[in-house]
There are 2 protein chains.
Amino acid sequence: MKLGEGVEAAIHCAAMLAGVEGEATLSGAAMAEAFGLSPSYLLKHLNMLSAARILESVSGPAGGYRLARSAERITLLDIVLAVEGREPAFRCGEIRQRGPAKLDASAYVKPCGINAAMLKAERAYRTALAEAKLSDIVSDFMSDADPRSVAASCAFVARHQRPQKSSSTKQA
Amino acid sequence: MKLGEGVEAAIHCAAMLAGVEGEATLSGAAMAEAFGLSPSYLLKHLNMLSAARILESVSGPAGGYRLARSAERITLLDIVLAVEGREPAFRCGEIRQRGPAKLDASAYVKPCGINAAMLKAERAYRTALAEAKLSDIVSDFMSDADPRSVAASCAFVARHQRPQKSSSTKQA
DNA sequence: TTATCGTGGATATTTATTATCCGCAATAGG
DNA sequence: CCTATTGCGGATAATAAATATCCACGATAA
């Protein structure tokens with residue numbers, strides 16, 4: 001059982017995007033630079049997030065990404081499912097009916113108990129992820145992390161965020 | 001996030017081994033046949049299970065595998081960890097400190113909040129798996145599954161199990 | 001002694017992940 | 001209108017991991 005590295009990147013990017021002001025955006029290249037990731041591959045994951053309506057993207061110069069809704073309404077589950085896909089980790093191959101002494105298909109209408117137990121555990125996992133809001137991640141970071149790290153992160157966002165033309169909110 | 005197919009095979013084999021009498025064993029080849037799996041690869045997984053002391057193995061003719069302890073003291077978590085390894089699915093690459101504006105290492109002594117949230121969810125997953133005993137899987141199968149399937153499964157075990165020479169328990 | 005079985009290593013084969021590149025549409029600014 | 005920048009999508013390569021097979025070996029029951 002393994003999660004792709006893209007999940008870590010996606011969550012960090014989403015958390016960083018939670019710090020941009022109003023309708024401003026951050027370009028994918030800027031975020032790739034911030035985390036030392038390959039830009040072209042990070043774009044793939046950011047694209048997944050916008051396909052899942054977690055991020056919004058703006059084309060053209062001054063374009064980039066921003067959160068599609070408030071950080072309070074984005075959970076880690078949203079992000080993990082968007083990047084890793086929605087299929088469960090355990091996939092029942094129904095090997096119980098692959099032996100040589102096959103029974104009639106009607107003997108296997110009831111779902112496999114092993115599959116049920118595995119999926120139940122996965123539901124617990126997803127429930128825990130669904131309880132972790134992006135806003136919690138951000139506020140915990142703001143209050144608990146090293147002040148230098150917080151300051152550097154805020155400075156990076158302030159330096160790279162790009163205000164939109166028809167935006168009513170302005171930066172200092 | 002994906003679990004290998006070996007997990008399904010391992011759990012089904014363990015459940016089947018819960019049905020053997022006393023110190024009798026089932027050969028890996030027999031179980032591979034029962035589930036339509038490649039024998040040589042299934043042996044790898046069974047080997048993992050015996051390395052983890054979940055199964056015991058007996059060499060020689062009349063050899064094979066049996067549970068190393070009662071099915072009540074074997075959980076799905078035991079099996080999943082034995083087959084998939086004990087490392088968590090989410091591995092924090094510390095990308096927060098890989099950007100161009102690196103701070104001193106002392107700014108990153110506090111653990112990453114994202115990592116903490118992901119690991120917390122994984123703990124929920126493992127807790128749920130730890131609550132699923134192999135004996136529950138077996139008894140649910142016995143009571144809920146199609147009677148033809150139960151009968152076929154018991155018949156298979158009865159036909160292939162091999163009593164050990166110095167065993168005090170005998171089969172009918 | 002022989003045939004059967006598990007163990008461990010070496011090694012293909014297949015599949016998934018990671019990463020890069022290029023043409024395209026969108027768009028802000030001149 | 002023109003150009004430069006950005007995200008999007010597809011094609012493709014490089015890398016890693018899971019899956020599968022084979023063989024030599026030690027153990028052991030008959």
Side-chain angles (χ1 to χ4, degrees), chain A residues 1-10 13 17 23-33 35-52 55-66 68 83-85 87 89 91 93 95 160-167, chain B residues 1-10 13 17 23-33 35-52 55-66 68 83-85 87 89 91 93 95 160-167:
Chain A
M1 176 156 152
K2 245 177 41 184
L3 250 54
E5 297 176 10
V7 174
E8 183 182 11
C13 286
L17 287 171
E23 292 184 301
T25 64
L26 281 180
S27 75
M31 292 187 279
E33 187 199 356
F35 298 119
L37 300 168
S38 99
S40 23
Y41 191 40
L42 179 61
L43 278 248
K44 288 274 188 292
H45 296 308
L46 294 173
N47 200 351
M48 297 279 211
L49 294 179
S50 49
L55 303 185
E56 281 174 354
S57 65
V58 177
S59 281
Y65 298 89
R66 65 176 159 244
V83 174
E84 291 279 320
E87 310 92 46
R91 293 140 302 163
I95 64 173
H160 286 88
Q161 73 179 343
R162 325 223 257 203
Q164 299 303 296
K165 62 168 182 185
S166 50
S167 167
Chain B
M1 174 156 151
K2 241 177 41 181
L3 250 52
E5 297 175 9
V7 174
E8 183 182 9
C13 287
L17 287 172
E23 292 184 302
T25 64
L26 280 181
S27 76
M31 291 188 278
E33 187 198 356
F35 298 119
L37 300 169
S38 100
S40 23
Y41 191 41
L42 178 63
L43 283 227
K44 289 275 188 291
H45 295 309
L46 294 175
N47 203 349
M48 296 282 212
L49 294 178
S50 49
L55 302 186
E56 282 174 352
S57 65
V58 177
S59 279
Y65 298 89
R66 66 177 157 242
V83 174
E84 290 279 318
E87 311 92 47
R91 293 141 303 165
I95 65 173
H160 287 87
Q161 73 179 345
R162 305 156 154 197
Q164 297 303 296
K165 62 168 181 184
S166 52
S167 168

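To find a chain, count down the sequence lines: A is the first, B the second, and so on, and within it residues start at 1.
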Under 3.5 Å, is there a donor-acceptor pair between the side chain of B:Arg91 and the main chain of A:Leu3?
yes
Separation of D:dT6 P from A:Glu56 CD (nearest whole Å)
19 Å
Side chain B:Arg162, main chain B:Ser27, donor-acceptor under 3.5 Å:
no
Counting heavy atoms not belonging to A:Met48, are there more than 12 under 6.0 Å from its CE?
no
Specify the separation, in whole Å, of atom CG of A:Leu55 and atom C1' of D:dC8.
14 Å
Give a yes/no on whether any side-chain N or O of A:Ser50 is located under 4.0 angstrom from OP1 or OP2 of D:dG7.
no
Has A:Arg162 got a side-chain N or O lying under 4.0 Å from the OP1 or OP2 atom of D:dT6?
yes
Please report the distance, rounded to the nearest Å, between CD in A:Glu5 and C1' in D:dA16.
11 Å
If I take atom CE in residue A:Met1 and atom C1' in nucleotide D:dA17, what distance separates them, rounded to the nearest angstrom?
17 Å
Can you check the B:His160 NE2 to C:dT4 P distance for me, whole Å?
15 Å
Between C:dT18 atom P and B:Lys2 atom NZ, what is the distance in whole Å?
11 Å
Nearest-angstrom distance from the residue atom CG of A:Leu3 to C1' of C:dA16
14 Å
Nearest-nucleotide comparison on DNA chain D, the residue closer to the 5′ end among A:Tyr65 and B:Val58
A:Tyr65
Does any non-hydrogen side-chain atom of A:Val58 lie less than 4.5 Å from one of A:Arg66?
yes
Could you check how far CD of A:Gln164 sits from P of C:dG29, rounded to whole Å?
9 Å
Quick check against the 3.5 Å criterion: does A:Glu87 have a side-chain atom that pairs as donor or acceptor with the backbone of A:Gly85?
no
Short question: side chain of B:Glu84, backbone of B:Gly4 - any donor-acceptor pair under 3.5 Å?
yes
Note: contacts of residues 35-49 of chain A with DNA chain D (heavy atom, under 4.0 Å) are A:Lys44, A:Asn47
Partner residues of A:His160 under the side-chain contact (heavy atoms from CB on, under 4.5 Å) criterion, sequence neighbours left out
A:Leu26, A:Ala30, A:Glu33, A:Phe156
